[in-house]
2 protein chains.
Amino acid sequence: MPTSSRFAVAVHLLSALAHLGGEGATSAALAASVNTNPVVVRRLLGLLSRAGFVAGRGGRSGGYELAREPSKIRLDAVLAAVEPDGVLAMHENATNRVCLVSCGIKPVLGHVFAKAEDALRSSLRRTTLAEVLRRVENAG
Amino acid sequence: MPTSSRFAVAVHLLSALAHLGGEGATSAALAASVNTNPVVVRRLLGLLSRAGFVAGRGGRSGGYELAREPSKIRLDAVLAAVEPDGVLAMHENATNRVCLVSCGIKPVLGHVFAKAEDALRSSLRRTTLAEVLRRVENAG
DNA sequence: GCATTGCGTCACCATCCTAGTTGCACAATC
DNA sequence: GATTGTGCAACTAGGATGGTGACGCAATGC
C-alpha cells in the first residue's frame with residue numbers, strides 16, 4: 001500500500017540536521033545524503049518548516065537547521081506534518097441506499113480506522129528524534 | 001498517503017457477506033453494494049479467498065460466501081490479506097557512504113516502523129467482523 | 001447433452017500520486 | 001553588486017489503482 005516514502009526521508013533529513021548540530025546544511029548537501037534531488041529535499045523541508053521543526057534561511061551561507069531540540073521532536077508529529085491524510089483510507093464510493101451494509105458501514109469503519117491510527121501515532125510518539133540519532137550514532 | 005481503499009472495500013464486502021448469512025452473493029450483487037465493478041470485487045475476493053476468509057463457487061447458482069465465522073475474522077488479518085506490504089514505506093535510495101546518518105538510518109527506521117505497524121495491527125486485531133456487523137446492524 | 005450462469009484471469013485504459021528536473025524570482029551574505 | 005541558496009511553479013516520467021471488456025472454464029438446470 002505504501003506509495004510514499006516521505007516519512008522515511010523526512011526522518012532521515014531531520015536526523016542529518018541533528019547530527020550536524022547547529023551547522024547549516026544546504027538542500028544540495030542533504031540531497032546527497034539521501035541520494036535524491038535538492039528540490040525534493042526543499043519540498044519536504046518546506047512542510048517540516050511550516051510545522052515548526054526546521055528553519056531555512058535563504059541567501060549566501062544559508063541552509064537549514066533544526067528549530068527545536070531533537071528531544072522535543074516526536075515522530076508522530078513528523079508523520080502528521082508530511083502525511084496529513086493518515087495511512088488508512090476510506091472508500092469514497094456512493095452509498096447504495098438499498099443495502100443496509102452500504103448505508104451503515106462508513107461510520108463504523110471510520111471509528112475502527114481512527115482507533116487504529118491512534119495506536120500507530122501513540123507508538124511513534126514514544127520515539128523522539130534524539131532517540132533515533134542516538135541509535136544511529138551508536139550503530140555506526 | 002493512503003493510495004488504496006482496498007482494506008475498506010474488503011471489510012465492506014465481508015460485512016455484506018456476513019449480513020446475508022449463508023446466502024451466496026454474486027460478484028455483481030456485491031459490486032452494486034459497493035458501487036463498483038464486478039471484476040474489482042472478484043479481484044479483492046480472490047485475495048480474501050486465498051487467505052481463507054471466503055469461498056467462491058463457479059457455475060450456475062454460484063457466488064461467494066464466508067468460509068469462516070464472522071467472530072473468527074479479525075481485521076488485522078484482513079488488512080494483511082489485501083495489503084501485504086504494510087502501510088509505512090522505507091525509502092530505497094542508495095546509501096551515501098560518506099554520510100553516517102545515511103549509512104545507519106535504515107535499521108533504526110525499520111525497527112521504529114515495525115513497532116508502529118505492530119501497534120496498528122494490534123488495534124485492528126481487537127475488532128472482529130462480527131463486531132463490525134453488529135455495529136452496522138444496530139446503527140441502521 | 002447443452003444452454004446458462006458465474007468465477008478466474010488477462011489485457012487495456014484513464015486517472016492519480018510521487019519523484020525528478022528545470023527555470024526563475026526573491027533574500028541574504030560577502 | 002555578484003554570488004549563493006531558498007521558495008515556488010511548471011513539466012515530465014513512472015508506478016499504482018480502479019474501471020472495463022473479453023475469454024476460458026466450471027457447475028447448474030433444462
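Throughout, protein chains are lettered first and strands after them, A, B, ... in sequence-line order, and every chain is numbered starting at 1. Quantities reported herein were computed from a predicted structural model and do not represent experimental measurements.
Taking for each of Arg50(A) and Pro38(B) the nucleotide of DNA chain D with the nearest heavy atom, the 5'-most of the two is the partner of Arg50(A). Of the residues near DNA chain C, Asn37(A) and Gly59(A), the one whose nearest nucleotide (by heavy atom distance) lies more toward the 5' end is Asn37(A). Mapping Gly58(A) and Thr36(A) onto DNA chain C via the closest heavy atom, the residue that lands nearer the 5' end is Thr36(A). DNA chain D is contacted by both Ser49(A) and Arg60(A); Arg60(A) maps to the nucleotide lying nearer its 5′ end (nearest heavy atom per residue).
Between the CG atom of Leu48(B) and the P atom of dC7(C) there is a distance of 14 Å, rounded to whole Å. Rounded to whole Å, the distance from CZ on Phe7(A) to P on dA19(C) is 14 Å. Distance CD (Glu65(B)) to C1' (dG6(C)): 14 Å, rounded to an integer number of Å. Summarising the geometry, the separation between CD on Glu92(A) and C1' on dC16(C) is reported as 15 Å, rounded to the nearest angstrom. The CZ atom of Arg57(B) sits 21 Å away from the P atom of dT4(C) (whole-angstrom rounding). Between the P atom of dG8(C) and the CG atom of Leu45(B) lies a distance of 8 Å, rounded to the nearest Å. Spacing between atom CG of Asn93(A) and atom P of dT17(D) amounts to 16 Å, rounded to whole angstrom units. Per the geometry, CG belonging to Leu44(A) stands 12 Å off P belonging to dG7(D), to the nearest Å.
Residue contacts shown for Gly46(A) are absent, as no nucleic acid heavy atom lies under 4.0 Å away. Heavy atoms of Arg43(A) sit under 4.0 angstrom from at least one base atom.
Taking side-chain N and O atoms only, Thr26(B) has no distance below 4.0 Å to OP1 or OP2 of dG6(C). Contact between the side-chain N/O atoms of Ser5(A) and the OP1/OP2 oxygens of dA19(C) is found at a separation under 4.0 Å. Ser61(B) has no side-chain polar atom (N or O) that falls below the 4.0 Å cut-off from OP1 or OP2 of dT5(C). Contact check, Arg6(B) against dT17(D): a side-chain N or O comes under 4.0 Å of OP1 or OP2.
With Arg6(A) contributing its side chain and Val82(A) its backbone, the two residues share a donor-acceptor pair below 3.5 Å. Counting only distance, with no hydrogens or angles, the side chain of Glu117(B) and the backbone of Val87(B) share a donor-acceptor pair below 3.5 Å.
The base of dG8(C) sits with one of its N or O atoms less than 3.5 Å from a complementary donor or acceptor on the side chain of Arg42(B).
Between Phe7(A) and Phe113(B), the ring-plane angle classifies as parallel under the 30° and 60° cut-offs.
Ion pairing between a basic and an acidic side chain is recognised when a charged N comes within 4.0 Å of a carboxylate O; Lys115(A) and Asp118(A) show no such pairing.
For Arg134(A), the side-chain hydrogen bond (donor to acceptor under 3.5 Å, both in side chains) partners are Glu131(A), not counting sequence neighbours.
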